[in-house]
Amino acid sequence: MNDTPDLSIDNDDSVEVQSDFIRDAIKEDLRTGRFTKVHTRFPPEPNAYLHIGHAKAIWIDYGIAEEFGGKFNLRFDDTNPMREEQEFVDSIIEDVKWLGADWEDRLFFGSDYFEQMYELAFVLINKGKAYVCDLSPEEMIEMRGTPTEPGIDSPYRNRSIEENIDLFRRMKEGEFPDGARTLRAKIDMASPNLLMRDPAMYRIRHAEHHRQGNKWCIYPMYDWAHGLEDSIEGITHSLCSLEYENHRPLYDWFLDELEIYHPRQIEFARLNMSYTVMSKRRFIELVDGKHVDGYDDPRLPTLAGMRRRGYTPKSIYEFCKRIGVAKTNSVVDPAVLENCIREDLNKHAQRLMAVMNPLKVVITNYPEDEYEELDAVNNPEDLDAGTRKVPFGRELYIEQDDFREDPPPKYFRLSPGREVRLRYAYFIKCEKVIKDADGNIVELHCTYDPETRGGNAPDGRKVKATIHWVSAKHAIEAETRLYEHLFTKPNPDDAPDGEDYISNLNPHSLEIGSCFIEPYAAETKPGDKFQFERVGYFCTDTTSTPHKLVFNRTVTLRDTWAKIEKSAKSPNQFILQP
RNA sequence: UGCCGGAUAGUUCAACUGGCGGAACGCCUGACUCUGGAUCAGGAGGCUCUAGGUUCGAGCCCUAGUCCGGCAGCCA
């Protein structure tokens, strides 16, 4: 889109309607009158932490409701007492709220509808469309058949309506042990869709529910519960991921047989990203195996981890917008995500100077024990952010990478005899390289030009590079945590025989180090976001204290020089024939 | 070997429903710059999975294939 006016800062106010196959379908539904409004829901099961894949779903659900002037519900699909916990309810609420999806006063729990679901089950029983089955789980599996062979009718399939009513009541009353009986829908044991072969609607579980306590001992299955939840809440479009495609006929069957309000289910592809994993099971394995530091480890694609890493809700929404919505199974390059966060932080992050790998510089013609304060711009993308004072003195630290004794071609930074600018300070020229007994460079002797204070030369001479620095006396030492991809391969499952994805863990996914940072950083609080100039974007970690500052690297800056240097080293030369 | 989906640039998506295949990210060039950042300008990159068919005209419709994904929990 090249005609976007550059003047509009952030046009967050105008809710621009995106375009994809789901929105197209909704427009069509509105046009034909199948629905007269839009009402969506995000229905997580409270059994895990949310990850970036859920953010995609949330953006689709919430974004669509917002764009069409409709409503959005947050609903916990808590129909299985064995797997669900309050801890996850809390973390999910926190994450959805953080993302900015607003459910207003519509926070619901599927389990709150258990009574209605129970009553509705009798409608089906009375129609002869549901029956109590005494088959064991093993027998039921056996009689279900296979994709190529039809199943066999349960011997309990033709129980009388009266007996079914009686038995189902007694199931609820707790007369039978776990697994003894189920309530099943009577559909078609020969259906090519396995899900239609008399699926279970209720199972017996004498278990305590995180919300309902011991009130129930029968619990509804997903297929029975979900459509009812949608119907009860007046959902118009029940959006879910592709693996539920085969469930749609069943979703529709229940609602049709019940003759109640009937939302439309539409499925989309879930998000996959390269160089990471995206499942609850693997998060558990990585945490339990101490490969990461917890569910909010900044290397994990959990929303808690991304928040700690320094990602903003806005950048995540932008990411979701860019990857779009389709039915194709796809794998997104994390570079897209990185680009989104760079774009957001570039506009809003406070700039600071921090030196990661210090090399001492002595300004030999600068007076000893004398200091001064220079003005530095807080954010060149946002002049309203103002300026700050940065202390300068005779002894400084610069980045080791910013000096080369023997500079390669196109290297513009400091080298013997060459002049560069210290950002917001002075031009300096390297006069002498000091080495230790082993020949390692330990210190640089430079001279500065007092006329260039602030960074400009009155005589108009130019330098080809500007480097960052800190005053050795004033700098604060802080811990840095530099992150890379969690895995070394785009597809972590691409492992040698006998190995699994764990073998593809990147040993350098976390490098703990330290830096010298200008004193302005002293007051930082967890969650603060900065650009360390010429280095990358950093976020103050949750564990950071004034006594020990800790910064997570959210993402590096783009590094064109690294590319130049890399391509110069690569032997990939072509000789063209004349 | 049954059923349901899917296949368009390196990647993720578009293509006003049958009318000259575009964008973003990535990549390459250049301009500008007190961040080798940002910004701006330009460029390379496609037998639209294959083979037939319908049509004046097919990425789109039809037929037959190929490849990929999902489905045989009393999980969601």
Side-chain angles (χ1 to χ4, degrees), chain A residues 1-2 6 19-20 24 43-45 47-48 77-80 82-84 133 135-137 140-142 144-151 178-184 191-197 199-205 218-219 221-223 225-226 240-249 267 269 274 321-333 335-340 342-343 346-347 351 353 376-377 380-381 410-413 421-425 427 454-456 462-468 531-536 556-565 567:
Chain A
M1 203 147 281
N2 53 13
D6 209 42
S19 180
D20 55 60
D24 288 348
E45 181 185 20
N47 73 335
D77 204 357
D78 54 351
T79 57
N80 185 344
M82 316 296 283
R83 331 199 312 161
E84 296 146 9
C133 181
L135 253 25
S136 70
M140 200 185 279
I141 287 169
E142 183 133 341
R144 180 158 29 233
T146 68
T148 52
E149 300 161 309
D178 286 1
R181 291 187 158 92
T182 54
L183 182 72
R184 291 227 258 168
S191 171
N193 182 345
L194 286 286
L195 289 159
M196 299 297 272
R197 320 246 263 225
M201 294 164 61
Y202 279 94
R203 75 284 216 181
I204 300 172
R205 287 285 177 280
I218 57 170
Y219 288 92
M221 300 291 293
Y222 167 84
D223 287 299
H226 203 86
C240 59
S241 48
L242 244 31
E243 69 254 41
Y244 292 102
E245 228 161 6
N246 296 339
H247 294 246
R248 192 182 344 123
E267 312 85 14
S274 43
K321 198 191 284 191
R322 286 188 195 179
I323 60 174
V325 185
K327 298 189 75 158
T328 320
N329 291 303
S330 59
V331 183
V332 176
D333 189 331
V336 180
L337 222 202
E338 290 168 3
N339 187 73
C340 291
R342 282 195 190 103
E343 191 173 279
N346 175 51
K347 287 193 186 109
R351 306 293 124 120
M353 290 195 284
V377 173
E381 302 290 318
K410 295 185 192 168
Y411 183 88
F412 302 143
R413 285 113 93 157
R421 170 167 41 231
L422 294 178
R423 188 140 162 93
Y424 298 125
F427 285 11
N456 289 304
K462 303 284 186 195
V463 287
K464 294 198 79 173
T466 300
I467 65 174
H468 59 100
Q531 183 197 95
F532 290 178
E533 294 215 42
R534 305 208 308 129
V535 178
T556 61
L557 248 37
R558 277 217 191 80
D559 190 348
T560 308
W561 165 247
K563 264 183 219 164
I564 293 169
E565 197 175 32
S567 64

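Side chains are part of it too, since the values below use all heavy atoms of this structure and drop only hydrogens, waters and symmetry mates. A, B, ... follow the sequence lines: proteins, then strands. Residue 1 opens every chain.
A64(B) and C3(B) have their P atoms separated by 12 Å, with the value rounded to a whole Å. Taking atom C1' on both A15(B) and G53(B), the two are 24 Å apart, rounded to the nearest angstrom. The C1' atoms of C13(B) and G6(B) are separated by 15 Å, rounded to the nearest whole Å. Spacing between U63(B) and G45(B) at atom C1', rounded to whole Å, works out to 34 Å. Taking atom P in both U50(B) and A9(B), the straight-line distance is 11 Å, to the nearest Å. Across the C1' atoms, A7(B) and A14(B) are found 16 Å apart, a figure rounded to whole Å. The separation of C32(B) from G69(B), taken at their C1' atoms, amounts to 48 Å, rounded to a whole angstrom. Here, G37(B) and G30(B) have their P atoms 13 Å apart, quoted to the whole Å.
Using a 4.0 Å heavy-atom criterion, one finds that I467(A) contacts no nucleic acid atom at all. Contacts of V535(A) with the nucleic acid, taken as non-hydrogen atoms under 4.0 Å apart, are absent. Here H247(A) lies in heavy-atom contact (under 4.0 Å) with a base. No contact: E149(A) has no heavy atom under 4.0 Å from any strand. As judged by a 4.0 angstrom heavy-atom cut-off over every strand, P380(A) is placed among the base-contacting residues. In this structure, Y244(A) reaches the bases: a heavy-atom distance under 4.0 Å links it to at least one base atom across the strands shown. Among the atoms of the strands shown, none is found under 4.0 Å from any heavy atom of R184(A). Residue L135(A) is classed as a base contact, given a heavy-atom separation below 4.0 Å to a base. Nucleic acid contact class of N193(A) (heavy atoms, under 4.0 Å, all strands): none. Looking at heavy-atom distances under 4.0 Å, M221(A) makes contact with sugar-phosphate atoms alone, never a base. Residue contacts for S19(A): at a heavy-atom cut-off of 4.0 Å it reaches no nucleic acid atom on any strand shown.
Spacing between atom CG of L195(A) and atom P of C4(B) amounts to 13 Å, rounded to whole angstrom units. Distance N346(A) CG to C40(B) P: 11 Å, rounded to the nearest Å. Put simply, CD on E245(A) is 12 Å from C1' on C3(B), counting in whole angstrom units. One can place CG of N80(A) at 16 Å from P of G73(B), the figure rounded to the nearest angstrom. Distance, D223(A) CG to C74(B) P: 11 Å, rounded to whole Å. Taking atom NZ of residue K410(A) and atom C1' of nucleotide U29(B), one finds them 12 Å apart after rounding to whole Å. Rounded to an integer number of Å, the gap from D333(A) CG to G26(B) C1' is 8 Å. Taking atom CG of residue L557(A) and atom C1' of nucleotide U39(B), one finds them 14 Å apart after rounding to whole Å.
Note on K563(A): a side-chain N or O is less than 4.0 Å away from OP1 or OP2 of C27(B). The shortest distance between the side-chain N/O atoms of T560(A) and the OP1/OP2 oxygens of G37(B) is below 4.0 Å. Contact annotation: T146(A) does not reach the phosphate of G2(B) (side-chain N/O to OP1 or OP2, under 4.0 Å). Phosphate proximity of C75(B) to R203(A): present, with a side-chain N or O under 4.0 Å from OP1 or OP2. Taking side-chain N and O atoms only, R144(A) has a distance below 4.0 Å to OP1 or OP2 of C74(B). Taking only side-chain nitrogens and oxygens, R421(A) never comes nearer than 4.0 Å to OP1 or OP2 of U35(B). Considering only side-chain N and O atoms, T328(A) lies nowhere under 4.0 angstrom from the phosphate OP1 or OP2 of G5(B). Distances shorter than 4.0 Å separate some side-chain N or O of R534(A) from OP1 or OP2 on G36(B).
In terms of modelled atom types and a separation under 3.5 Å, the side chain of R203(A) and the main chain of G179(A) share no donor-acceptor contact. Panel note: side chain R197(A), backbone T146(A); a donor-acceptor pair is recorded below 3.5 Å. One N or O on the side chain of R342(A) and one on the backbone of T556(A) form a donor-acceptor pair closer than 3.5 Å.
With its glycosidic angle more than 90° from 0, G21(B) is assigned anti. Against the 90° criterion about 0, the sugar-base torsion of U17(B) places it in the syn range.
Residues T328(A) and A269(A) come closest through the heavy atom pair O-CB, 3.2 Å.
Closest-nucleotide positions on RNA chain B for M140(A) and G455(A) were compared, and the one nearer the 5' end corresponds to G455(A). If you find the closest nucleotide of RNA chain B to I204(A) and to Y411(A), the one lying nearer the 5' end belongs to Y411(A).
Listed candidates were G70(B), A76(B), C25(B). Nearest to the side chain of N339(A) is C25(B). The side chain of R205(A) has C74(B) as its nearest neighbour among G37(B), C74(B), G5(B).
Base pairing analysis places A23(B) opposite U12(B); the two distances defining the Watson-Crick or G-U wobble pair are each below 3.5 Å. The partner of C67(B) is G6(B), by the rule that a Watson-Crick or G-U pair needs both atom distances under 3.5 Å. Shown here, G46(B) forms no base pair; nothing in the strands shown gives a Watson-Crick or G-U wobble contact with both key distances under 3.5 Å. Taking a pair to require two hydrogen-bonding distances under 3.5 Å in either a Watson-Crick or a G-U wobble arrangement, G59(B) remains unpaired. Pair assignment for G30(B) gives C40(B), based on Watson-Crick or G-U wobble hydrogen-bonding distances that are each under 3.5 Å.
Judged by distance alone, with hydrogens and angles left aside, E565(A) brings no side-chain donor or acceptor close enough to the base of G36(B) to form a pair under 3.5 Å. For R342(A) and G37(B), a side-chain-to-base donor-acceptor distance below 3.5 Å is absent, hydrogens and geometry of angles not being considered. The base of U39(B) has none of its N or O atoms less than 3.5 Å from a complementary donor or acceptor on the side chain of E381(A).
Residues R423(A) and R534(A) have side chains not in contact (no heavy-atom distance under 4.5 Å, counting atoms from C-beta outward). Residues Y424(A) and E533(A) have side chains in contact (heavy-atom distance under 4.5 Å, counting atoms from C-beta outward). Using a 4.5 Å heavy-atom cutoff, the side chains of P249(A) and N193(A) are in contact.
One distance of note links CE of M82(A) with OH of Y219(A); it measures 9.5 Å at 0.5 Å rounding.
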query = Does the side chain to side chain contact (heavy atoms under 4.5 Å, CB included) test come out yes or no for E45(A) and Y222(A), once each step is laid out?
reply = CA-CA 10 Å; E45(A) 181 185 20; Y222(A) 167 84; over 6 Å; no

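Counted within 6.0 Å of CD on E142(A), heavy atoms from surrounding residues, nucleotides or ligands total 12 or fewer; the atom is thus considered open.
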